[in-house]
2 protein chains.
Amino acid sequence: MTRIKKKHHLVAAVEAELLKQVRVHGRISRVELSRKLQIVPSTAGIYVDRLLRDGFLAESRRMERGAGRPPKLLELNAGGGRFVGVDFEARNLMATAVDFSEKPLRQVHEVIRAADSVEQILGKIERAIAGVMAGDPRPVLGIGVGVPGLVDPQHGVAVHYEFIKGWRDVPLGARLNKIFHVPVFLENNIRCMTLAELWLGAGRGLRDFVCLGVRSGIAAGVMANGHLLRGCHNRAGEIGHWRCPSPGDARLEQTASALAILAAAQRAIGSGRKTSLPKSKGELTFDDIVQAVQAGDALARSLIEDAARVHGWAVGELVALFDPQKIIFAGPLAELGEAFLAPVRKAAAVDGVEITASTLGRYNGALGAAALALHQWRPQR
Amino acid sequence: MTRIKKKHHLVAAVEAELLKQVRVHGRISRVELSRKLQIVPSTAGIYVDRLLRDGFLAESRRMERGAGRPPKLLELNAGGGRFVGVDFEARNLMATAVDFSEKPLRQVHEVIRAADSVEQILGKIERAIAGVMAGDPRPVLGIGVGVPGLVDPQHGVAVHYEFIKGWRDVPLGARLNKIFHVPVFLENNIRCMTLAELWLGAGRGLRDFVCLGVRSGIAAGVMANGHLLRGCHNRAGEIGHWRCPSPGDARLEQTASALAILAAAQRAIGSGRKTSLPKSKGELTFDDIVQAVQAGDALARSLIEDAARVHGWAVGELVALFDPQKIIFAGPLAELGEAFLAPVRKAAAVDGVEITASTLGRYNGALGAAALALHQWRPQR
DNA sequence: CTGATATATTTTGATTTCAAATTAAACCCA
DNA sequence: TGGGTTTAATTTGAAATCAAAATATATCAG
């Protein structure tokens with residue numbers, strides 16, 4: 001490893017933090033920045049002047065109100081760079097891009113089939129990134145990828161994922177870097193979703209919350225005291241293997257994931273239960289269930305309530321262990337809103353904790369991955 | 001809040017960290033210290049010179065080996081200060097003291113009865129501290145207290161504990177400070193036990209481990225990425241309320257705590273099962289059970305194995321969630337060693353995680369509390 | 001209009017920390 | 001014995017940051 005010169009390194013970190021505060025707070029004065037960064041105003045002034053000179057910040061028109069000398073407000077002038085984010089799991093692949101103020105720019109969706117080979121999936125990743133990049137002149141400064149299963153972010157390797165055959169030690173970081181020639185950051189996808197909530201979703205400003213990602217599988221992303229938990233092998237949050245109480249001690253994932261609900265729906269349809277759900281076998285998607293619930297279908301509602309009870313149990317256990325401020329559900333179940341959350345709250349029976357759904361939609365993970373790349377970026381000169 | 005001057009504050013923090021490294025590593029050179037603290041050797045030299053001049057460090061005789069100029073090794077010369085630690089819960093109160101190198105100095109034990117009033121318990125705490133302090137001329141520089149239930153370490157208040165009647169908003173920190181005139185630090189007792197493991201027990205050098213405290217209740221202390229989890233209301237780790245799978249969905253604490261095992265033993269004795277356990281009702285203690293297990297008593301063994309199965313389940317869930325390097329059991333159950341750990345390991349069915357028992361004994365929590373006070377201490381001048 | 005007050009920013013000099021060069025104190029080997 | 005090597009510690013000058021004082025630019029009260 002090359003020796004990092006500490007002072008330069010620290011200066012770059014302070015610059016990045018300063019730009020982050022400008023991004024989060026919009027227009028902001030030097031004094032306000034000095035307070036946020038816990039540095040003295042004169043030092044903040046030195047940093048701002050340098051970032052101003054090098055074109056990363058701009059002075060906006062002053063807004064005058066109240067007593068005292070009006071501040072010279074600062075805003076981002078990041079020269080139109082973009083960051084691309086990808087997120088995929090067993091069934092779907094989503095890609096998006098954000099600009100320097102974390103505004104989403106474009107969205108691309110690809111379907112992954114169970115029969116796809118590793119090489120085909122890599123092709124879809126690359127096609128999605130190219131699709132997001134096309135037709136926008138602003139340079140791409142980084143790519144973030146939310147990877148399912150076990151990931152090694154340090155070495156940019158996707159280690160293992162049980163739902164894709166042959167997915168083992170895929171050098172995804174190196175491969176994408178070779179194609180697109182920008183820094184590539186890998187992270188487990190539930191952690192990308194958690195970061196999306198932290199930076200632009202329901203977790204903004206919170207130091208303790210849990211993001212429960214319910215899609216093909218179930219996993220938890222935990223922010224504890226302002227830090228994202230990874231565990232000693234990057235394996236933290238794998239609660240899909242938790243044993244549920246009561247019927248048969250099944251795994252949480254086998255009982256209450258989107259795939260499990262789909263399977264239960266197909267079994268119920270097969271056994272002839274009355275429902276508005278389409279009966280053509282094998283083509284049922286989770287969107288059908290969402291629509292049926294919203295249309296008031298009794299079977300769909302009862303399936304969701306069964307799953308919600310199980311999730312309520314999991315929420316209760318997580319709250320007891322972490323004492324978070326908030327639990328945020330992400331994934332297709334979250335789109336059901338109160339129809340899902342109300343029975344979860346009832347089963348969890350915890351108070352002092354807000355239980356909500358993500359408002360970021362299905363591009364949640366991709367947004368988090370893009371924002372991750374943005375947050376890793378440092379001003380270059 | 002008084003304005004803290006940042007530079008002085010940082011200098012004090014570096015001094016404390018430097019002294020900590022000397023404590024952990026014994027004799028150590030300036031260069032080695034500069035590496036551990038990630039500072040440049042010249043800066044380390046400045047700090048060492050100041051601490052040497054003010055009498056907190058001393059130069060030891062040089063140990064010569066290998067090539068190069070031999071280092072001038074440094075050691076602690078902390079003037080014989082001591083730190084007192086107390087730890088109590090529903091039944092027992094333990095107190096101890098440590099010197100600057102964290103060596104335990106003396107131990108005091110008091111029994112708490114269910115009928116004790118809050119005032120009586122406070123009296124026992126004060127008597128235990130006085131007992132530890134007596135007959136040693138070295139000054140006490142701080143007191144740490146491991147408090148059961150909900151604690152507010154910031155304000156030194158013991159907020160609530162369900163197993164002591166009337167235990168609510170007890171201003172323990174202020175009270176002890178008034179009596180003993182030294183800084184007092186409060187912390188939840190499972191977290192004290194976890195810190196004891198981190199600093200002087202089975203968790204030394206680890207960044208991710210869980211300490212499972214099984215006594216009157218059950219709670220988990222979690223070190224994640226080198227940080228101790230507290231949660232947003234200091235309530236993290238309360239897994240005593242987790243619902244166990246299988247029989248009746250009982251709470252973990254009601255199934256597998258030391259008190260629960262005692263109750264189960266009494267029920268079994270009452271129903272006439274053959275055992276070497278004493279039959280006089282009400283006087284059974286957990287030590288009796290430990291001895292019976294070691295003597296090969298079948299009932300005692302089966303009770304422990306039942307509890308171990310439940311703990312194994314909890315370990316499995318914790319490992320899935322945190323991905324730790326180690327699980328450390330603390331409390332009287334841990335004293336059983338392999339008789340307890342083997343069935344736990346079998347039920348947990350996890351690999352890549354070490355499951356061990358604390359080697360610090362029953363003064364674990366008191367040691368952690370004392371070490372906490374030591375770690376909070378800063379050189380005064 | 002004028003001075004008092006308030007808040008933001010900049011200037012000035014001291015302190016801390018770094019980076020790099022230098023010196024110190026041992027061993028090794030001819 | 002005496003230079004070469006190695007590692008530790010110190011010296012030196014520069015960069016980063018702080019603390020406090022000075023300056024800038026507004027509002028407000030009379």
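Convention: sequence-line order gives letters A, B, ...; per-chain numbering from 1.
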P41(A) side chain, from C-beta outward: closest of dT17(C), dT10(C), dA8(C): dT10(C)
Gap between atoms CZ and P, on R30(B) and dT10(D) respectively (whole Å): 5 Å
Spacing between I39(B) atom CD1 and dT15(C) atom C1', to the nearest angstrom: 16 Å
No-H, no-angle donor-acceptor pair, K7(B) side chain to dT15(C) base, under 3.5 Å: yes
Touch class at under 4.0 angstrom, heavy-atom based, for L10(B) against every strand present: nothing
Residue closer to the 5' end of DNA chain D, G68(A) versus R50(A) (nearest nucleotide): R50(A)
Which nucleotide in dT10(C), dA8(C), dA19(C) has an atom nearest any side-chain atom of V31(A): dA8(C)
Sugar-phosphate only, base, or nothing, as touched by T43(A) at under 4.0 Å among non-hydrogen atoms: base
Candidates dT9(C), dA16(D), dA19(D) - which lies nearest the side chain of Y47(A): dA16(D)
Protein-nucleotide distance (H9(B), atom NE2; dA19(D), atom P), rounded to Å: 12 Å
R30(A), R27(A), R53(A) screened by salt bridge (Lys or Arg N to Asp or Glu O under 4.0 Å) with E59(A), the one that passes: R30(A)
Ring center gap for F322(B) and F209(B) short of 6.0 angstrom: no
Touch class at under 4.0 angstrom, heavy-atom based, for S42(B) against every strand present: base
